[in-house]
Amino acid sequence: MEIVRPGYLPDPALDADAMEAMQRDIAADATFADDHGLTPDAVAIDEPIEETDPAQTTFDGDRPIVVGVDQAFREEEAVSVAVAIRGGRVIERAVGHAPLEIPYIPGLLAFREGGAIADALETLTVAPDLLVLDGSGRIHYREAGIATHVGVLFDVPTVGVAKNLLCGTPVESVSDRYLDAGERVAIEADDDVETCANGTTIGHFYQSRQYDTPDRRHVNPLVVSPGHRVATGTATDLVGAVCAGYKLPEPTRIADAAVGEQARE
DNA sequence: GCGACAG
DNA sequence: ATCTTGTCGC
């Protein structure tokens, strides 16, 4: 796929102020409303995907292409793998690389990993209808997490799926209550989110999977937020549709496994 | 100064 | 994210 806004290529050489300034611009260009033709039913993945390698499919040509992206790290480079899925099957896999130039800094993740992601996505030949990124989208200090950054860079619908909350406040404490599979709890902007009014819903805790027994053990919910061209509620609906029994969405699960192998080679 | 902090 | 085998619990 092709980069639509080259000016937003995440350059690790920028100083922190320039990075933050770029994020404000990105947030201003981002659309946190539905601008796509997707429905949960259309993207639904009912069974866990087992084949990590691309397979040829004559069917499903009419179904949306959902791409999962994940990174792994080696000594001095980040490796990114983008896995394209259509109709519950892997149809293409692309790899990207970029030297690791800056450390991980909360809020500036895209400038550490974005180069490798862009490299992988530029190699992808199919046109994705939705990208699922590891990390936050709108749940970010400047509403420009990695999912939003990549979405605006390529002008493609994206959602962010994180395992931990970066910022924002859930409307209900999730740490003490047991959430059933399928439940969600809205996350609102607070003082840490500098670019929008407090109380704005910027994402959800989403319980993609849960243990049957309401015992002492529970699965931690995912943190879902819109990246670009997707509304908050829709982002969670779509993520729910691409989960197939595991905690993580199938696209990220497969990308996770694929990048793991790719990184140690 | 202290605490918080995606991957 | 990453260093890493077995192990506790459903």
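Naming: A, B, ... by sequence-line order, numbering from 1 per chain. Computed from a predicted model, the values in this text were never measured in an experiment.
Atom CD1 in I117(A) sits roughly 13 Å away from atom P in dA1(C) (whole-Å rounding). For the pair Q262(A) CD and dA1(C) P, the computed distance is 17 Å after rounding to whole Å. Per the geometry, CG belonging to L108(A) stands 19 Å off P belonging to dA1(C), to the nearest Å. Rounding to whole angstrom units, CZ of residue R264(A) and P of dT4(C) are separated by 14 Å. The distance from atom CG of N220(A) to atom C1' of dA6(B) is 15 Å, rounded to the nearest whole Å. In this structure, D70(A) places its CG atom 16 Å from P of dA6(B), rounding to the nearest Å. Residue K163(A) contributes atom NZ, which lies 8 Å from atom C1' of dG7(B) at whole-angstrom precision. As rounded to whole Å, 19 Å separates atom P of dA6(B) from atom NE2 of H149(A).
For the pair R112(A)/L100(A), a side-chain contact is recorded, criterion being any heavy-atom separation below 4.5 Å from C-beta on.
Contacts of G160(A) with the nucleic acid, taken as non-hydrogen atoms under 4.0 Å apart, are absent. At a threshold of 4.0 angstrom between heavy atoms, the contacts of I139(A) with the nucleic acid are absent. A147(A) comes within contact range of no nucleotide atom at all, as no heavy-atom separation falls under 4.0 Å.
Between dG7(B), dT2(C), dA6(B), one nucleotide has an atom nearer to the side chain of H140(A) than all others, and that is dA6(B). Comparing dT2(C), dA6(B), dG7(B) by their closest approach to the side chain of E113(A) singles out dG7(B).
Listed for the R229(A) side chain is a donor-acceptor partner under 3.5 Å among the backbone atoms of D35(A). R89(A) places no side-chain N or O within donor-acceptor distance of the main-chain N or O of A55(A), the cut-off being under 3.5 Å.
Within the model, atoms OG1 of T200(A) and CD1 of I187(A) stand 13.5 Å from one another, a figure rounded to the nearest 0.5 Å.
Of the N and O atoms on the side chains of S80(A) and Q71(A), at least one donor lies less than 3.5 Å from an acceptor on the other residue.
When every heavy atom of R74(A) is checked against every heavy atom of Q262(A), the shortest pair comes out as NH1-O, 4.2 Å. Looking at every heavy atom in both residues, D180(A) comes nearest to Q210(A) through C-CB, 4.4 Å.
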Between protein and nucleic acid, restricted to nucleotides 2-5 of chain B and to nitrogen or oxygen atoms under 3.5 Å apart, what atom pairs and distances do you find?
none

